[in-house]
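Owing to the predicted nature of the structure, the values given are computational and were not obtained by experimental measurement. Index from 1, following the sequence.
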Amino acid sequence: WKYHLSQKSLNAPVTVVEYASFTCPHCQNFHATVFDELKKNYIDTGKVRFVYREVFFDKFGLWAAMVARCGGEMKYFGIADMIYDTQKDWIGDGQEQAIADNLRKIGLKAGIAPDTLDACMKDNAMAKSLVATYQKNADADGITSSMTCPATRSIRYQSSASPSANDWPGSPAPGML
């Protein structure tokens with residue numbers, strides 16, 4: 001949707017493509033325990049181009065992606081870090097309205113204007129586009145199971161399988177209509 005999520009050199013000798021969901025605890029653990037070192041030692045030095053591809057296990061991960069993208073390309077990874085860092089808090093007890101409210105708080109804390117944030121959270125066309133983009137990329141990359149790593153100079157990582165676009169309700173967050 002609108003922009004490609006990658007960090008650093010397009011000419012790096014290795015491309016790491018991560019397929020991750022904001023609701024996946026394994027993805028959160030990767031970002032909490034591995035990503036900073038990967039970024040410092042490989043991405044920031046130009047040895048690795050890192051491409052982040054969102055996976056949608058459920059509508060809550062979709063909502064989180066919509067909030068992260070609402071901040072624009074320059075803020076995306078900072079907001080994504082906030083979402084991963086507070087994953088247990090914003091998911092809470094799994095109640096839809098509480099999750100929507102918690103994600104809204106993250107967006108506001110990131111400096112997204114309330115009207116802009118509300119418009120993003122209600123954007124059903126964006127939601128459908130994000131899911132379609134995920135499906136297209138996953139099909140093109142042959143992502144069919146967890147921990148997929150084709151024999152190429154690119155490393156593709158997916159922490160667990162995701163459902164098809166038809167397996168989850170893609171409606172905007174409650175209270176955001």
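Of the N and O atoms on the side chains of E18 and H31, at least one donor lies less than 3.5 Å from an acceptor on the other residue.
Note that CG of L130 is 12.0 Å distant from CD of Q135, once rounded to the nearest 0.5 Å. Annotation: the span from Y76 atom OH to D81 atom CG amounts to 10.0 Å, rounded to 0.5 Å. Note that CG of N124 is 5.0 Å distant from NZ of K128, once rounded to the nearest 0.5 Å. For the atom pair K88 NZ and Q28 CD, the distance stands at 7.0 Å (nearest 0.5 Å). Distance OG1/T33 to CG/L38: 11.0 Å, rounded to 0.5 Å.
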Checklist entry - Should M126 and C120 be marked as a side-chain contact (heavy atoms from CB on, under 4.5 Å) after you check the CA-CA gap, both sets of side-chain angles, and the distance that decides it? => result CA-CA 8 Å; M126 177 178 29; C120 284; 4.1 Å; yes
Next on the checklist: Let's go through R104 and D118 carefully: what are the C-alpha distance in whole Å and the side-chain angles of both, what is the deciding distance for side-chain contact (heavy atoms from CB on, under 4.5 Å) to 0.1 Å, and is it a yes or a no?
Outcome noted: CA-CA 8 Å; R104 189 173 194 284; D118 291 344; 2.8 Å; yes
Checklist entry - Should I106 and N102 be marked as a side-chain contact (heavy atoms from CB on, under 4.5 Å) after you check the CA-CA gap, both sets of side-chain angles, and the distance that decides it? => result CA-CA 6 Å; I106 291 170; N102 291 337; 5.7 Å; no
Next on the checklist: Could you walk me through whether I91 and F22 satisfy the side-chain contact (heavy atoms from CB on, under 4.5 Å) test, starting with their C-alpha distance in whole Å, then the side-chain angles of each, then the deciding distance to 0.1 Å, before giving a yes or no?
Outcome noted: CA-CA 10 Å; I91 290 175; F22 286 117; over 6 Å; no
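Of all heavy-atom pairs between P13 and G46, the closest is CD-O, 3.8 Å. Closest approach of Y19 to A138, counting heavy atoms only: OH-N, 3.6 Å. Of all the heavy atoms in A64 and I83, the pair that sits closest is O-CD1, 3.4 Å. Closest of all the heavy-atom pairs between G61 and S21 is CA-OG, 4.5 Å.
Although no hydrogens or angles enter the test, the distance criterion places a donor-acceptor pair under 3.5 Å between the side chain of Q87 and the main chain of C24.
In this structure, C70 and T116 have side chains that are in contact, with non-hydrogen atoms separated by less than 4.5 Å. Inter-residue side-chain proximity for T133 and S129 is flagged as met; some heavy-atom pair is nearer than 4.5 Å. With a 4.5 Å cut-off on side-chain heavy atoms, K109 and M82 count as touching. Residues I79 and I112 are in side-chain contact: their nearest non-hydrogen atoms beyond the backbone lie under 4.5 Å apart.
For the pair R53 and Y134, the cation-pi test (distance below 6.0 Å, angle within 45°) is failed.
Under the side chain to side chain donor-acceptor pair (under 3.5 Å) criterion, N41 pairs with E37, not counting sequence neighbours. With sequence neighbours excluded, the residues that form a ring pair (Phe, Tyr, Trp, His ring centres under 6.0 Å) with F60 are W63. Residues satisfying the side-chain contact (heavy atoms from CB on, under 4.5 Å) criterion with K47, sequence neighbours excluded, are Y42, T45.
Between F50 and F35, the ring centre distance stays below 6.0 Å.
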